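Computed from a predicted model, the values in this text were never measured in an experiment. Naming: A, B, ... by sequence-line order, numbering from 1 per chain.
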Amino acid sequence: MDSVLLIYKGIYILAIFGISLLIATYSTYFERKIAAFIQDRVGPNRAGPMGLLQPLADAGKLFFKEEFIPAKANKTLFILGPGIAMLVAAMSSAVIPFGDTLIIGETSFDLIAIDVNIGILYIFGVVSLGVYGLMIGGWASNNKFSLLGAIRAASQNISYELAMGLSLIAVLMLSGSLSLKVIAEQQAGFNWNIWYQPLGFLIFLICAFAETNRTPFDLPESEAELIGGYHTEYSSMKLGMYLFAEYINIFVVSAVMATLYFGAYNFPFMENLRNAFDDPVLGNNVVTIIGVAVMFAKIFAFIFFFMWVRWTLPRFRYDQLMKLGWNILIPLSILNILLTGGGILLYEYFTK
Amino acid sequence: MTESLFFFFASLTLLCAVMVVVSKNPVYSVIFLILTFFSISAHYILLNAQFLAAVNIIVYAGAIMVLFLFVLMFINTGKNVESTLKKNVLAKIAGTVAGGLLFTIVVAALKDVTLGHPDPATFNSQVGMVENLGKVLFTKYMLPFQLVAVLFLVSMVGAVMIGKREAGEQNF
Amino acid sequence: MTLAERMYLPAIAQGLGITIKHFFKKKATINYPEETRQRSDIWRGLHVLKRDENGAERCTACGLCAVACPAEAITMTAGERKKGEEHLYREEKYAVTYEVNMLRCIFCGLCEEACPKAAIFLQDDKIAPARYERDEFIYGKDRLVEPLKTTETK
């Protein structure tokens, strides 16, 4: 019995890893396609039908490009940088519940890689490590533009992590648990956290943009001022790893937002659907499978939103970025905590 | 299993900590320090204190060490820093004496130490869990917890005061 | 600014609205090799040296096209028709070489106007494609003369 679960976990982890890589790969394609559509173009359409093989072509090209390490660069750290970025990005999807439980025979399989009781803190910690990849890579390049990009990345990530954590606390006050699985289960049906936490969600969303270095917060890699920032000196697949890590981060952050605020795998009338089946096991499995699809639909909607915003808004100026983070988002998130606390107290006062 | 893991992480912690001191390049030192924090977090997980492990990584590895690295990047580490240090005899003697004294204190402190073994009957393995930790912090240790918050506030005000731009001063 | 303006969120939403409108708009792109832009009937494209109804080349190498050419893109050398070549060349004089430099040509169509034998035309359905080498833009008779209809194996 135990070995069955162990094998299942192994397969599940591999599957999640593969899926996040696949989604990251195809994010590059959809990024270009969406950019093109928004700009009234058609985008990549030559490699394969509708250009669907474009990511493979890009990856192949990156692999065969010249590996270039600057003469004065610190070789070890130069190679370590993209490695850390990639490792950290791939690690973070471990605690996200992609679905409820599947019941096959006597065994029930949780659709989550590791259900730790500090799930959201785990993600938070791992995401906060992501900046090391950029910093080490940018510093090791021995190039002032890379260094500036690395410094920008560091200060930006630290600043926005605070507001992100504070906006998260309001959700944790509602759920009373740090486990993402518990948070997901509490939002059954249409009882999503977004109805209680619109302000918190907005703050979290903005911070998510900043944490993943996406436009309008892509100052660490601003190509106009910093010629690419921390990855100025990178070429070949090492550059590819950086870009890949960014897209995996977007995937993970989208999944976290869907879990925290948009009810993860829950969808309206799921209880009605579950009860419509005579066989409870079958009903459970059907609801779970639809739930997984719903979860991925939510994730894709967020990924689309990330790209949509990227091709709409211009980049912030650096002082504006810092002002927004420290002077606006942090006070707002503290206000949000107070409001949530007051709301919970009022609710308990009137219902008990 | 747990025991071998403990010894693995303990030796890793010590190795990384030694490397922090030994490394010539300060950036390497910081990276080894981060690794040290990671292995300490692993110890926390072995002790079933997952919350502490996560917070250790978020606060120390995720925020404080980033700031360390941030500052180090501005220092010109390409030059050989060591040659500029004074290496006179007096400094060497002082170093030896201080190190010897520290060693004596450590030996003296560890001589009479007895390892505390928790009573299996009353020991609660869930004591490190986040719920229990929160309950203890907000009931038994309420006053120290709040005082720490005040301390942080004071240090923040101090930092703001130092960083404040004076009237008429041109910063850039 | 009012509070709503200072929050920027309405402005951001407006911007997002504009971009999503463009997202669903019909694209202006024409996928060139598969589909071509609608051309005018008098479009002047790649040159062709015509043959007469018996398959003999019409050009007599009189040089009027080269004289008329404002870009001096056309060069030719004339030669005399030998016995037994009557089926190849219509007149007694013919162009041994006939070259159009497509980099110089401005596709004005004056050569077409100047030709007394109606031998050179600018096609309305072909253009000179992009190439890697400059030499490849000098089109000789091999690429200019209309292929024989009888030997066409398409």
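Atom NZ of A/Lys65 sits in a sparse spot, with 12 or fewer heavy atoms from other residues, nucleotides or ligands closer than 6.0 Å. The number of heavy-atom neighbours closer than 6.0 Å to CD of C/Glu92, taken from other residues, nucleotides and ligands shown, is 12 or below. Applying the 6.0 Å contact sphere to CD of C/Glu80 captures no more than 12 heavy atoms from other residues, nucleotides or ligands. More than 12 heavy atoms of other residues, nucleotides or ligands sit less than 6.0 Å from atom CG of A/Leu346. Crowding of C/Glu72 atom CD: a count of heavy atoms from other residues, nucleotides or ligands under 6.0 Å not exceeding 12. Around CZ of A/Arg46, the count of heavy atoms belonging to other residues, nucleotides or ligands within 6.0 Å exceeds 12.
Annotation: residues 312-332 of chain A contacts chain C through A/Thr312, A/Leu313 [non-hydrogen atoms, separation under 4.5 Å]. Residues of residues 99-117 of chain C never come within less than 4.5 angstrom of chain A, heavy atom to heavy atom.
Rounding to the nearest 0.5 Å gives a distance of 7.5 Å between CD of C/Glu34 and CG of A/Asn45. Interatomic distance, CD1 of C/Ile18 versus CD1 of A/Ile38, reported as 12.0 Å (0.5 Å rounding). Expressed to the nearest 0.5 Å, how far NE2 of C/His22 lies from CZ of A/Arg41 amounts to 13.5 Å.
Contact record, C/Thr29 with A/Asp40: OG1-O, 4.1 Å, taken as the closest heavy-atom pair.
Below 30°, between 30° and 60°, or above 60°: for A/Phe37 and C/Phe23 the angle between ring planes is between 30° and 60°, a tilted geometry.
Between C/Thr19 and A/Trp308 there is a side-chain heavy-atom pair separated by less than 4.5 Å.
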